[in-house]
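Nothing fancy with the numbering, it's 1 onward along the sequence.
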Amino acid sequence: MASTDRDRDRDRAPIRVAIIDDQAMVRQGFGALLDAQPDLSVVGSGSDGSEAVELVRRTRPDVILMDIRMPEMNGLDATRAVLAMPGLEHPRVIMLTTFDADEYVFSALQAGASGFLLKDATAEDLVAAVRVVAAGDALLAPSITSRLIADYVARPAPRDTSALLSGLTERELDVMKLIAVGKSNGEIAEHLFLSEQTVKTHVSRVLGKLGLRDRTQVVIAAYESGLVGVRR
């Protein structure tokens, strides 16, 4: 049985990664790091957003590491273009930047990015980020998550979105709140005294009922609806 499990792991297709950044040293460094991982494969790289679009057409990556500030077409516009491409399963995008200004965070999430990571992240964090996002989870640096919450709490009361959330059960709302503050399934399970499988079921139901693509969109919906930071 153990041999069969090892064979299955060895035969499993690696996560296909594309790297888009206008700095050659960043592309080369990230590429060498990721290619050294047995479960990751760098399928291409480019120096601006227009190259990202063409690369996606040719190589169909699972995950794109996308710089925000680039010439010709920036990372935000490239992300929108990639996620609007018809006829293919859209890759997940991790936005990379040396800046953590709030406007970039909001724009990246609204563009459809599944993650946001600063370029000074450790090698371990970068590798983990690719795996987390490929698995369908959202990724935000902890400092960014906390400031997102603080910003939304300080904003005027949001529009009434009770109809949007009315189809969710109380437990699903609880799960949605915890996703929005950056909790993993395991942490949510511990907090709510549930099994991790039960949490996964609740997450799937939230996505289905709200018509959302992934956990990042759950985060946005929670903020925009006032579910996070608003006393209920």
Side-chain angles (χ1 to χ4, degrees), residues 15 62-64 66 76 79-80 82-85 88-95 102 104-117 128-232:
I15 299 168
D62 302 305
V63 176
I64 304 174
M66 182 88 76
L76 298 176
T79 297
R80 295 186 186 99
V82 165
L83 296 182
M85 293 171 66
L88 59 87
E89 184 174 349
H90 295 137
R92 298 187 182 275
V93 178
I94 300 174
M95 305 302 299
D102 285 340
Y104 293 123
V105 180
F106 296 136
S107 297
L109 294 177
Q110 290 167 348
S114 294
F116 190 101
L117 199 65
V130 172
R131 291 172 178 152
V132 165
V133 169
D137 288 338
L139 177 83
L140 291 173
S143 62
I144 293 173
T145 303
S146 63
R147 287 193 301 107
L148 277 170
I149 296 167
D151 181 89
Y152 270 95
V153 170
R155 290 184 178 191
R159 67 187 186 281
D160 181 13
T161 55
S162 56
L164 175 66
L165 302 181
S166 62
L168 300 183
T169 66
E170 285 299 315
R171 182 59 80 195
E172 289 163 356
L173 289 171
D174 290 339
V175 169
M176 188 174 179
K177 290 177 186 177
L178 293 171
I179 291 174
V181 297
K183 300 294 185 183
S184 67
N185 284 348
E187 290 169 332
I188 295 172
E190 182 177 356
H191 185 87
L192 297 178
F193 303 102
L194 301 171
S195 71
E196 192 164 344
Q197 184 57 51
T198 298
V199 171
K200 290 179 180 179
T201 298
H202 285 312
V203 173
S204 295
R205 288 174 178 167
V206 169
L207 293 171
K209 288 181 178 181
L210 299 183
L212 304 177
R213 183 183 68 250
D214 56 27
R215 292 170 74 102
T216 305
Q217 290 194 334
V218 174
V219 173
I220 296 173
Y223 292 150
E224 291 183 340
S225 67
L227 183 64
V228 171
V230 176
R231 189 178 301 277
R232 294 181 61 83

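Two residues are said to be in side-chain contact when any heavy atoms from C-beta on lie closer than 4.5 Å; Pro91 and Val63 fail this criterion. Within the 4.5 Å cutoff, side-chain heavy atoms of Ser225 are placed close to those of Leu165. Within the 4.5 Å cutoff, the side chain of Met95 has no heavy atoms near those of the Leu117 side chain.
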**Request:** Check the pair Arg92 / Asp62 against side-chain contact (heavy atoms from CB on, under 4.5 Å), numbers first and verdict last.
**Result:** CA-CA 6 Å; Arg92 298 187 182 275; Asp62 302 305; over 6 Å; no
**Asked** Does the pair Leu227 and Leu173 meet the rule for a side-chain contact (heavy atoms from CB on, under 4.5 Å), with working shown?
**Response** CA-CA 8 Å; Leu227 183 64; Leu173 289 171; 4.1 Å; yes
**Request:** Might you work through the side-chain contact (heavy atoms from CB on, under 4.5 Å) test for Ile64 and Ile94, ending with a clear yes or no?
**Result:** CA-CA 6 Å; Ile64 304 174; Ile94 300 174; over 6 Å; no
**Message:** Show, in sequence, the C-alpha distance, side-chain angles and deciding distance for Val175 and Glu172, and conclude whether the side-chain contact (heavy atoms from CB on, under 4.5 Å) test is met.
**Reply:** CA-CA 5 Å; Val175 169; Glu172 289 163 356; 5.6 Å; no
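The side chain to side chain contact (heavy atoms under 4.5 Å, CB included) with Leu168 is formed by just one residue from the set Met176, His202, Arg205; it is Met176.
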Mind listing the side-chain donor-acceptor pairs of residues 189-200 below 3.5 Å, one per line with the distance, residues two or more places apart or on another chain?
from: Ser195; atom 1: OG; to: Thr198; atom 2: N; distance (Å): 3.1
from: Ser195; atom 1: OG; to: Thr198; atom 2: OG1; distance (Å): 2.7

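Between the side chain of Lys209 and the backbone N or O of Gly167, at least one donor-acceptor pair lies under 3.5 Å.
Of all the heavy atoms in Ala113 and Thr79, the pair that sits closest is N-CG2, 4.1 Å.
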